[in-house]
Amino acid sequence: MAKRVFSGIQPTGTLHIGNYLGAIRNWVDLQRGHDCIYCVVDYHAITIDVDPKELRAASRSMALDLLACGVDPERSILFVQADVPQHTELSWILGCVTSYGDLARMTQFKDKSEKQEFVSAGLFTYPILQAADILIYKALGVPVGEDQVQHLELSRRIARRFNARFGELFPEPEPIVTKGARIMSLADPASKMSKSAGPTHYVGVMEAESSIRKKVRSAVTDVGLTPGEAMSAGVANLFLILEIACETLGDAATVSELKAEFADGRLLYSQLKDTTFERLMGVLRPIQERRARIAAAGDVDDILADGARRASAIASQTMREVRDKVGLGAAA
RNA sequence: AAGCCCGUAGCUCAAUUGGCAGAGCGUCCGACUCCAAAUCGGAAGGCUGGGGGUUCGAGCCCUCCCGGGCUUGCCA
């Protein structure tokens, strides 16, 4: 049996090229040779303030984005987290083998809680739910970015502690270190591309072409470098986007040509931007078209229902084992 | 549950005794630039958390509600 992989993404905001080039592209590739379970994590989304009128639509929309990007429901399981409520049941139990001190050490919690005026307990216990997401499917691999490594290590600790206390059940999930595509904000190349920094900082995968052109054109570069000098962060970021886009398109020549021009000090940044924009659209356009086709077909809800059904089958089996090992409930 | 403090533009905060709701940052447009940034010029942006009241006049005073923070409790 192929190695099982789990990963999730929050349904807040739209998918941006940092998400796609950094993570989702790998999700798609992992489908070859792995047994993949992909999840739109709406339980996680409500750890911060979210509009209930928008959440469900956002979850569906994110699922649609993922399908458009190439997540294949024939090969993988795609579902919305709250459609498999066993995630939260396991989360409670795992919370009881998680140390308070471990949670208090999570840097992402510290960062996020500083920015919120209302800090929910859910934000604090978030990594436990994340561990439940992974362990309930006994996933062996989890594709993660650098920012999630700490959380995955906690998941491993939780699995280990559960096994030690209640008997061997969960395999320790291994990180799948993906090609280090860390796309930076175009407006501020010192910080990672994110939706929270505002619309000028990210390029949406489904964004209108004219808008994307504008954003790529306004990318921060530098005042001009002398030949032989290292690239500035902004230029390096454009090259990174260009490189991944060209790789996807099977175009090896363009990047090396532009890099040679850069080394000679005769690269015009306007040209780099135009080329990057063009190649990026070469990648995004088919995704956008596919999204339109899938949306028109109108079977996303069916796909998600089927995904939830298949995920539930695994999750409820694991929960039977968990309840048995822990001794929960009156019925055996 | 009680006490105290807080809520003003997207964000951080001003606003004299109760007297025209403002600034910085961000956003948008323009100039400059190979493209951008920075800089300069311009613009948009508000039910002052909500309801009621006092007053000629309320961001400011009274009252209730909602939300947040801190403190001391109560119940499980």
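Quick note on labels: first sequence line is chain A, next is B, and so on, each numbered from 1. Just so it is clear, the structure is predicted and the values come from calculations on it, not from any experiment. Hydrogens, waters and symmetry mates play no part in the numbers below; they use all other heavy atoms, side chains included.
At a threshold of 4.0 angstrom between heavy atoms, the contacts of A/Lys214 are confined to the sugar-phosphate backbone, with no base atom among them. As judged by a 4.0 angstrom heavy-atom cut-off over every strand, A/Thr221 is placed among the base-contacting residues. Among the atoms of the strands shown, base atoms are found under 4.0 Å from some heavy atom of A/Asp222.
Rounding to whole angstrom units, OH of residue A/Tyr269 and C1' of B/rA36 are separated by 10 Å. Nucleotide B/rA37 holds its C1' atom 13 Å from the CG atom of A/Leu238, rounded to whole Å. Computed from coordinates, the A/Ile48 CD1 to B/rG67 C1' distance equals 17 Å when rounded to whole Å. B/rA36 atom P lies 16 Å from atom NZ of A/Lys215, rounded to whole Å. Summarising the geometry, the separation between CZ on A/Phe262 and P on B/rC34 is reported as 17 Å, rounded to the nearest angstrom. Across the protein-nucleic acid pair, A/Asp188 atom CG and B/rC25 atom P stand 17 Å apart, rounded to whole Å. Following rounding to the nearest Å, A/Asn237 (CG) and B/rA37 (P) show an atom-to-atom distance of 16 Å. B/rA36 atom P lies 15 Å from atom CD of A/Gln271, rounded to whole Å.
A/Val71 approaches A/Val28 most closely through the heavy-atom pair N-CG2, 4.0 Å.
Comparing the same atom, P, in B/rG26 and in B/rG19 gives a spacing of 32 Å after rounding to whole Å. Between the C1' atoms of B/rA2 and B/rU48, the separation comes to 29 Å (whole Å). Distance check on atom P: B/rG46 versus B/rU55 gives 32 Å, rounded to whole Å. Here the separation of B/rC74 from B/rC13, taken at their C1' atoms, is 38 Å to the nearest Å. Going from the P atom of B/rG68 to that of B/rU27 covers 30 Å, rounded to whole Å. For the C1' atom pair drawn from B/rC32 and B/rG22, the interatomic distance equals 30 Å after rounding to whole Å. When the C1' atom is compared between B/rA38 and B/rC5, the two are found 41 Å apart, to the nearest whole Å. Rounded to whole Å, the separation between the P atoms of B/rG7 and B/rC62 comes to 14 Å.
The side chain of A/Thr200 has B/rU27 as its nearest neighbour among B/rC34, B/rG68, B/rU27. Listed candidates were B/rA36, B/rC28, B/rC34. Nearest to the side chain of A/Ser270 is B/rC34. When distances run from any side-chain atom of A/Leu268 to the nucleotides B/rC35, B/rU27, B/rC34, the shortest one goes to B/rC34. You'll find that the side chain of A/Phe118 is closest to B/rG69, out of B/rA37, B/rG69, B/rC35. In this structure, of B/rC29, B/rA36, B/rC28, it is B/rA36 that holds the atom nearest to the side chain of A/Val223.
The local environment of CZ in A/Arg75 is crowded, with over 12 non-hydrogen atoms from other residues, nucleotides or ligands closer than 6.0 Å.
At least one donor-acceptor pair under 3.5 Å links the side chain of A/Gln31 to the backbone N or O of A/Gly70. In this structure, A/Gln288 contributes its side chain and A/Val205 its backbone to a donor-acceptor pair below 3.5 Å.
With a 3.5 Å ceiling on both atom-pair distances, the Watson-Crick or G-U wobble partner of B/rC28 is B/rG42. Across all strands shown, B/rU71 is found opposite B/rA2 as a Watson-Crick or G-U wobble partner, with both distances under 3.5 Å. With a 3.5 Å ceiling on both atom-pair distances, the Watson-Crick or G-U wobble partner of B/rC56 is B/rG19. Of the nucleotides present, none pairs with B/rA36 by Watson-Crick or G-U wobble criteria with both distances under 3.5 Å. Shown here, B/rG7 forms a base pair with B/rC66; the pair counts as Watson-Crick or G-U wobble because both key distances fall under 3.5 Å.
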**Prompt:** Is there a ring pair (Phe, Tyr, Trp, His ring centres under 6.0 Å) between A/Phe79 and A/His87 once you walk through the steps?
**Reply:** CA-CA 12 Å; A/Phe79 71 105; A/His87 285 238; 5.8 Å; yes

Take A/Gln317 and A/Arg320 through the side chain to side chain donor-acceptor pair (under 3.5 Å) test and state the conclusion after the steps.
-> CA-CA 5 Å; A/Gln317 173 56 34; A/Arg320 271 192 291 277; 3.0 Å; yes

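For A/Tyr126 and A/His44, the ring centers sit closer than 6.0 Å to each other.
If A/Ser218 and A/His201 are placed on RNA chain B by their nearest nucleotide, the residue sitting closer to the 5' end is A/His201.
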